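In this text, all values refer to a predicted model and were calculated from it rather than measured experimentally. Note on naming: letters A, B, ... go to the chains in the order of the sequence lines (proteins, then strands), and numbering restarts at 1 for each one.
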Protein chains: 2
Amino acid sequence: MNTIKLTSRQEQIIELVKDHEPITSEKLASKLSVTRAALRPDLAILTMTGILDAKPKVGYIYSRKPSYSLVYDYIRNIKVNDIMSKPVIVDENTTVYDAIVHLFLNDVGTLFVENDGSLTGAVSRKDFLKMAMGGTDMHKVPVGIIMTRMPNIVFVEKDDVAYSAAQKIIEHEVDSLPVIERVSDNGKEFLKIVGKISKTNVTRLFVKMGSNK
Amino acid sequence: MNTIKLTSRQEQIIELVKDHEPITSEKLASKLSVTRAALRPDLAILTMTGILDAKPKVGYIYSRKPSYSLVYDYIRNIKVNDIMSKPVIVDENTTVYDAIVHLFLNDVGTLFVENDGSLTGAVSRKDFLKMAMGGTDMHKVPVGIIMTRMPNIVFVEKDDVAYSAAQKIIEHEVDSLPVIERVSDNGKEFLKIVGKISKTNVTRLFVKMGSNK
């Protein structure tokens, strides 16, 4: 892991900028009793890291949004594969009742549905609750009847950027997406379900990113 | 917003390190036909920002986890207030049926429950689905009967760090937390519900952090 260890002079500069912003390099140099030339490398590092902002003809100011582009780079390097979890899969012919039992046993919010080894749908707590309100007989109706069906399922692949999966979750207002692998068999293409990525995975990633380790 | 604009020489150095890691500063200098001294400021910036790692007696390597501590600082500066959304609140005496209608009309996953203006509970899609499976009469039973009740509700306040709210969500395995404000009235303390923070808010924040703007 990389941590940025600032020197004590760099820390001093940050404190001075916080107290006196905007402040020119001349004033900083005089407050620290050094030459401007001596400060140049420190100021370069502090602006490059985004801790300070240099405003031409005004001076240095302290940045409240440090290192945005580094956060950006960090986030864009995480793959779906790095944070996905195990999917819970049922067959289209599973009864709604049995499907809900699977939902509770695995403590998940969404089940993915397949037929002949290929993704055909998804069904969530919300779908089940809607069905329960409607008085459908859950012991008779198969999950294939109430699920959201392909091609209306948004999915991602293992090597996709986790960020774009999170974007799709927000954009399509779903709790989770299936992670699929394209498999060819005798010229026919299957969408094999190999994982899932949910708001929980993204929240867990956020917690990991903000943790001290 | 602060962006780090690398110079073209810094970009060249990164490419050389990616291709030849670990690589010493001597070798980098010779490949770029410059002196080691001329490279020193660039290498300082690239290691300070965490883009490169310097291994003593081995050389420079490209870091796959850039600038971890800056990501950390960035995350820890976001408050609950910055990302919370409007809560959907029902009274304890609302019937389960009416509560589910509220859930669907507002398209949320959790309702917060109050009594006399103070937080008393929370009820989620999962609770409603469990109740529906059990065959409870939703037109008769009030939501107060099936909700999770205080003091078993984890909550946060506006000025708490969003990161710690995310941590609580993961730790307590809930979808969302009420944001409360402590109000005193005649010596009695009320927990006024002023917002909610959910996995959706955290995912939206993640998307914002990774966006180009």
Side-chain angles (χ1 to χ4, degrees), chain A residues 1-6 41 44-45 47-53 63-77 97 100-101 103-104 107 109 124-126 128-130 132-133 138 161-163 166-167 169-171 173 175 198-200 202-207 209-212, chain B residues 1-6 41 44-45 47-53 63-77 97 100-101 103-104 107 109 124-126 128-130 132-133 138 161-163 166-167 169-171 173 175 198-200 202-207 209-212:
Chain A
M1 185 202 319
N2 303 283
T3 48
I4 294 189
K5 287 203 184 63
L6 297 177
I45 284 168
T47 50
M48 291 292 291
T49 51
I51 295 169
L52 298 186
D53 243 358
S63 163
R64 266 90 205 162
K65 286 188 192 169
S67 312
Y68 197 86
S69 73
L70 286 176
V71 173
Y72 172 83
D73 285 350
Y74 180 90
I75 285 178
R76 297 289 179 118
N77 275 317
Y97 183 88
I100 297 177
V101 171
L103 198 81
F104 278 108
D107 198 20
S124 69
R125 272 185 206 139
K126 196 171 156 183
F128 286 127
L129 191 57
K130 214 178 274 173
M133 293 285 281
M138 0 187 187
V161 174
Y163 171 76
Q167 246 182 337
I169 285 173
I170 293 301
E171 200 180 310
E173 300 185 353
D175 283 331
S198 67
K199 287 175 189 168
T200 308
V202 176
T203 304
R204 222 179 266 140
L205 170 62
F206 179 80
V207 169
M209 281 168 62
S211 80
N212 223 338
Chain B
M1 185 203 317
N2 303 284
T3 48
I4 293 189
K5 288 203 183 63
L6 297 178
I45 284 169
T47 50
M48 289 293 290
T49 51
I51 296 169
L52 299 186
D53 243 358
S63 162
R64 266 90 204 160
K65 285 188 193 169
S67 313
Y68 196 86
S69 72
L70 286 176
V71 173
Y72 170 83
D73 285 349
Y74 180 90
I75 286 179
R76 298 289 180 117
N77 275 317
Y97 182 88
I100 297 177
V101 170
L103 198 81
F104 278 109
D107 198 21
S124 69
R125 272 184 205 138
K126 195 171 157 183
F128 286 126
L129 191 57
K130 213 179 275 174
M133 294 284 282
M138 358 188 188
V161 174
Y163 171 76
Q167 245 182 339
I169 286 173
I170 293 300
E171 200 180 309
E173 299 185 356
D175 283 331
S198 67
K199 287 176 189 168
T200 308
V202 176
T203 304
R204 222 178 267 142
L205 170 63
F206 179 80
V207 169
M209 282 168 61
S211 80
N212 224 338

Give the member of [options] that has the highest number of heavy-atom pairs under 4.5 Å with chain A.
| options | value |
| --- | --- |
| B:Pro41, B:Ser198, B:Ala166, B:Ala132 | B:Ala166 |
| B:Val161, B:Asp107, B:Ile169, B:Val101 | B:Asp107 |
| B:Glu173, B:Arg204, B:Gln167 | B:Arg204 |

Practice prompt. Please look at A:Ile170 and chain B and tell me whether the side chain, the backbone, both or neither of the residue comes under 4.5 angstrom of a heavy atom of that chain.
Written response: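 It is the side chain, since no backbone atom gets that close.
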
If one checks every heavy atom of A:Met133 against chain B at 4.5 Å, the contacting part turns out to be both

Please report the interatomic distance [atom1]([X]) to [atom2]([Y]), rounded to the nearest 0.5 Å.
| X | Y | atom1 | atom2 | answer |
| --- | --- | --- | --- | --- |
| A:Met209 | B:Ile75 | CE | CD1 | 4.0 Å |
| A:Leu205 | B:Phe206 | CG | CZ | 4.5 Å |
| A:Asp175 | A:Lys126 | CG | NZ | 8.5 Å |
| A:Phe128 | A:Met138 | CZ | CE | 10.0 Å |

### Task
For the pair B:Arg76 (side chain) and B:Tyr163 (backbone), establish whether a donor and an acceptor sit closer than 3.5 Å, ignoring hydrogens and angles.
no

